[in-house]
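Working notes, structure below.
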Amino acid sequence: MRLDTLAPLIENLQSGKYRKAVITTHHKPDGDAMGSSLGLYAFLKHHVHEVQVIAPTDYADFLHWLPGNETVLIYEEKEAECRAITEEADLIFCLDFNRLSRINEYGEIVRNARGEKVMIDHHLEPEHFQQYALWDPKSSSTAELVFHLIKHYFGLENISKDCATCLYTGLMTDTGNFQYSNTNSLTHLIAADLLEQGADHVGIHERIYDVFTPNRTKLFGYCMLHKLEVLPELRTALIYLTKEELEQFDVKTGDTEGLVNLGLGLKGIVLSVLIIDRTKMVKMSFRSKGDFAVNEYASRYFNGGGHRNASGGASDEPLERVVQKFRDTIKDYKEALLAI
Ligand code: 5GP
Ligand code: MN
């Protein structure tokens, strides 16, 4: 992480050079994407005249309580307005992604916009489209990077309660409640600072995790009982869902969040895969343990990527073909999976 490379940006920010800013984040934003974006928004609105958060697509209901959520525009729902705001912006922050293809067709609008671009991210293999970057693949979350930026240049006291709440949400969700290997002592120190700044960890936890609808709970139960497939010889667990099953449980955006973790909770399992027929495409989620680099696998076979232990991918092929391709290709990794 090179905070010093942002010094010219901060100088411009403090001198009032930027009047309009946009903050955007990735397709189907998760807790870190929205937490870091709205955390930065809560801070930036005191330094830039007009700030607009634009999400490329909708996102889970369990993120709608975040402070500032009511101001967010969704590109898919308001294309013309979002395009105009983006083209007028002096500054465009790209949070929690590092390739413009991750924000779909909105990516080319951002690429061609005149505003200076700032990429803040912790995923591997960035594309170079920005003037400024705060990039660290070792960082637990993008929320953590936003925290460092504000604390380093402006001081902890400039993190308001709303900002702390959003950043804590990003930190908490991307570390799986401080469970995954991206968590270290620094992550906990940051969490402590955010609690000091007013984040209510009990309330945040309840609003993110304790908000299942009956349908969502039944979907999880259905998957446990009927869909969870264990391939013990590969230490792998697999769940796949058809369009009809999604309809049966009236699945909404965010309802399948966490489902891939069911497999990883089984003793001895080091790779868990969730494959979902989203109609427009088949979407995949991968989670692994230890040094099994699931992002390399996702990138090689399913046009995807992400982190070493948490990645995603997609395919245009029918669901059955995708599932079969997974079964066929994963066999080649038997040795690596058994070695973990
Ligand atoms: P999830 O399984 O929760 O959707 O995604 C897990 C991680 O993989 C996230 O960090 C996300 O950014 C990344 N990811 C998910 N889908 C894709 C994809 O299609 N392409 C790439 N490059 N990364 C993805
Ligand atoms: Mn993230």
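Both ligands and their constituent atoms are indexed starting at 1 by order of listing. Counting begins at 1 with the first residue of the sequence.
Counting non-hydrogen atoms of neighbouring residues, nucleotides and ligands closer than 6.0 angstrom, the CD atom of Glu335 reaches no more than 12 such neighbours. For His201, the NE2 atom is loosely surrounded, since the number of other residues' heavy atoms within 6.0 Å does not exceed 12.
Counting heavy atoms under 4.0 Å from ligand 1, residue Glu257 does not touch it at all. With a 4.0 Å cut-off on non-hydrogen atoms, Arg99 does not touch ligand 1 at all. Neither the backbone nor the side chain of Lys28 has any atom closer than 4.0 Å to an atom of ligand 1 (non-hydrogen atoms only).
Using the six-membered ring where Trp is involved, Phe97 and Phe129 have ring planes that are parallel, under 30° apart on the 30 and 60° scheme.
Note on His123: not counted as a metal contact of the Mn ion (ligand 2), no N/O/S atom lying under 2.8 Å. The distance from the Mn ion (ligand 2) to the nearest N/O/S atom of Asp96 is under 2.8 Å.
Side chain of Lys289 to backbone of Leu264: a donor-acceptor contact under 3.5 angstrom is found. No donor-acceptor pair under 3.5 Å is formed between the side chain of Glu144 and the backbone N or O of Thr187.
Looking at Asp193 and Lys151, a side-chain N of the basic residue comes within less than 4.0 Å of a carboxylate O on the acidic one, giving a salt bridge.
The single protein non-hydrogen atom nearest to atom 15 (C) of ligand 1 is Gly312 CA, 3.4 Å, given as residue, atom name and distance.
Interface atoms of ligand 1 facing His307, defined by a heavy-atom separation under 4.0 Å, are 10 (O). Interface atoms of ligand 1 facing Ser285, defined by a heavy-atom separation under 4.0 Å, are 1 (P), 2 (O), 4 (O). Near Lys283, the atoms of ligand 1 lying under 4.0 angstrom from a non-hydrogen atom of the residue are 16 (N), 17 (C), 18 (C), 19 (O). Those atoms of ligand 1 that come under 4.0 Å of a heavy atom in Gly305, given as number and element, are 8 (O), 13 (C), 14 (N), 20 (N), 21 (C), 22 (N), 23 (N), 24 (C).
Of the options Gly306, Ala310, Gly313, the smallest heavy-atom separation from atom 7 (C) of ligand 1 is shown by Ala310.
The distance criterion of under 3.5 Å between nitrogen or oxygen atoms is not met by Phe286 with respect to ligand 1. Among the atoms of His123, some N or O lies under 3.5 angstrom from an N or O of ligand 1.
Side chain to side chain, Tyr106 and Thr86 meet the donor-acceptor criterion of an N or O pair below 3.5 Å. Between the side chains of Glu116 and Tyr18, at least one donor-acceptor pair of N or O atoms lies under 3.5 Å. In this structure, a donor-acceptor pair under 3.5 Å is absent between the side chains of His46 and Asn158.
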Legend entry - Working for ring-ring contact (aromatic ring centres under 6.0 Å, His included), residues Phe326 and Tyr240: CA-CA 11 Å; Phe326 171 72; Tyr240 63 90; over 10 Å; no
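For Tyr59 and His64, the ring centers are positioned less than 6.0 Å apart.
Contact analysis puts Arg287 in contact with ligand 1, with a non-hydrogen atom separation below 4.0 angstrom. Using a 4.0 angstrom heavy-atom cutoff, Arg102 counts as in contact with ligand 1.
Closest approach between the Mn ion (ligand 2) and any N/O/S atom of Asp32 involves OD2. The atom name of the N/O/S atom in Asp174 closest to the Mn ion (ligand 2) is OD2.
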